[in-house]
Amino acid sequence: AGPGGVLGVIPAVHLKNPFLAALYLGTFCVTSTVVMGTFAALYGTYSKRLGAGAVQKEFYMEIFSSCLSILVGFTWIVLLSLGILDDVFP
């Protein structure tokens with residue numbers, strides 16, 4: 001999903017050196033994982049702080065997070081089916 005495959009594979013293929021290609025792919029995978037993990041940790045920390053204190057606030061934060069996930073997925077599917085995903089997210 002997304003440009004990750006292109007950004008990960010095409011530069012590695014053009015390196016023509018197996019060691020450098022493996023190093024690039026390994027670094028790409030590690031940094032992608034670290035960035036996604038950091039984002040998830042920050043989002044979780046801030047949403048927990050915003051929702052702390054009252055059960056109702058926590059419930060609304062969970063609803064907001066769920067709706068945001070559904071919106072992102074729905075948008076991704078619609079843009080992909082219309083063939084304009086790469087135009088919107090170059």
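Ile70 is linked by a side chain to side chain contact (heavy atoms under 4.5 Å, CB included) to nothing, counting only residues two or more places apart in sequence or in another chain. Listed by chain and number, the residues in a side-chain hydrogen bond (donor to acceptor under 3.5 Å, both in side chains) with Ser65 are Tyr43 (sequence neighbours excluded). For Val72, the side chain to side chain contact (heavy atoms under 4.5 Å, CB included) criterion is met by no residue, not counting sequence neighbours. Under the side chain to side chain contact (heavy atoms under 4.5 Å, CB included) criterion, Leu50 pairs with Met61, not counting sequence neighbours. Partners of Tyr46 by side-chain hydrogen bond (donor to acceptor under 3.5 Å, both in side chains), not counting sequence neighbours: none found. In this structure, the side chain to side chain contact (heavy atoms under 4.5 Å, CB included) partners of Leu71, at least two apart in sequence or on a different chain, are Thr75.
Grouped with Val34 in one hydrophobic cluster are Val30, the linkage being side-chain heavy-atom contacts under 4.5 Å among Ile, Leu, Val, Met, Phe, Trp and Tyr residues. The other members of the hydrophobic cluster of Ile63, by chain and number, are Phe59, Tyr60 (side-chain heavy atoms under 4.5 Å, ILVMFWY only).
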Less than 3.5 Å apart, which donor and acceptor atoms pair up between the side chains of residues 78-90 and the rest of the protein, not counting sequence neighbours?
| from | atom 1 | to | atom 2 | distance (Å) |
| --- | --- | --- | --- | --- |
| Ser81 | OG | Ile77 | O | 3.2 |
| Ser81 | OG | Val78 | O | 2.9 |

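Applying the side chain to side chain donor-acceptor pair (under 3.5 Å) test to pairs two or more places apart or on separate chains, none has a residue in residues 9-37.
Between the OG atom in Ser47 and the CD atom in Glu58 there is a gap of 9.5 Å [rounded to 0.5 Å].
For Ala21 against Ala12, the heavy-atom pair with the smallest separation is CB-O, 3.4 Å.
The 12-atom threshold is exceeded at NZ of Lys57, counting heavy atoms of other residues, nucleotides or ligands nearer than 6.0 Å.
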